[in-house]
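Heads up, the thing below is written out as structure tokens.
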Amino acid sequence: MVDTTPLTRAVEHFADRLRAAPQSRLQRSAAAEALQLARDLAVRAQRIECPDLEPRQMPDAGMFAAADQITVAAHDLALLLSSDTEVEEAVRLVAEAQKRAGV
């Protein structure tokens, strides 16, 4: 079994920063970055779970749901990851999105 703790920690940190961010920060870019990350993680999970199906896009549930969306998407992906390299790649995606979000 692969240890997905680094992914969980990275996503929890990003989600906490989003929840603490002022609305103005969320409106400028943070929520959009988080939604894009959630969509990317969800697509990765869908491609692992059902490689023959076209991935569905995660809907935009609004800027105040962005933290929850990345948490759910990361959790789903974490259940499917099969190597440390995959975990490291997912953690890198989270870190890059958090940096772009500025939170």
Side-chain angles (χ1 to χ4, degrees):
M1 179 174 268
V2 176
D3 181 13
T4 58
T5 304
L7 176 57
T8 302
R9 286 185 181 148
V11 169
E12 286 176 358
H13 182 259
F14 189 11
D16 287 346
R17 300 291 297 166
L18 287 167
R19 289 182 184 107
Q23 183 174 347
S24 60
R25 172 73 50 125
L26 293 174
Q27 288 172 323
R28 277 195 307 268
S29 65
E33 283 295 337
L35 176 60
Q36 187 57 54
L37 173 65
R39 287 176 171 169
D40 291 347
L41 297 177
V43 165
R44 285 173 181 263
Q46 290 175 62
R47 285 192 174 136
I48 293 169
E49 194 168 36
C50 302
D52 296 332
L53 297 177
E54 183 67 27
R56 297 172 309 279
Q57 185 175 36
M58 181 176 281
D60 183 347
M63 70 179 147
F64 297 113
D68 294 331
Q69 286 184 292
I70 63 169
T71 302
V72 168
H75 180 269
D76 289 348
L77 180 60
L79 293 173
L80 299 167
L81 296 178
S82 60
S83 72
D84 291 337
T85 302
E86 290 175 336
V87 173
E88 291 168 7
E89 173 68 12
V91 169
R92 184 186 62 76
L93 292 173
V94 172
E96 290 173 356
Q98 184 173 352
K99 184 176 179 179
R100 285 190 304 271
V103 294

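The chain is numbered in sequence order, starting from 1. Because the structure is a prediction, the values reported are computed rather than measured.
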Within residues 19-33 or reaching into it, pairs that qualify as salt bridge (charged side-chain N to carboxylate O under 4.0 Å, His left out) - sequence neighbours excluded: Asp16-Arg19, Arg19-Asp68, Glu33-Arg100
Holding to side-chain hydrogen bond (donor to acceptor under 3.5 Å, both in side chains), I want the full list of residues that pass it with Ser24, two or more places apart in sequence or in another chain. none
Should side-chain heavy atoms under 4.5 Å link Ile, Leu, Val, Met, Phe, Trp and Tyr, which residues sit in the same cluster as Leu41? Val2, Leu7, Val11, Phe14, Leu18, Leu26, Leu37, Ile48, Met63, Phe64, Ile70, Leu77, Leu80, Leu81, Val87, Val91, Leu93, Val94, Val103
All pairs passing salt bridge (charged side-chain N to carboxylate O under 4.0 Å, His left out) where residues 71-91 contributes a residue, at least two apart: Arg44-Glu89, Glu89-Arg92
Looking at residues at least two apart in the chain, or sitting in another chain, which of them share a side-chain hydrogen bond (donor to acceptor under 3.5 Å, both in side chains) with Gln46? none
List the atom of Ala42, the atom of Ala73, and the distance in Å for their closest heavy-atom pair. N-CB, 4.1 Å
Which residues pass the side-chain contact (heavy atoms from CB on, under 4.5 Å) test with Ser29, sequence neighbours left out? none
Check residues 53-62 and write down every donor-acceptor pair under 3.5 Å in which the side-chain atom is one partner and the other belongs to a residue at least two apart or another chain.
unit_1, atom_1, unit_2, atom_2, d
Asp60, OD1, Gly62, N, 2.8

Go through the structure and list residues passing side-chain hydrogen bond (donor to acceptor under 3.5 Å, both in side chains) with His13, not counting sequence neighbours. Gln98
Closest non-hydrogen atom pair, Ala66 against Ala34: CB-CB, 3.7 Å
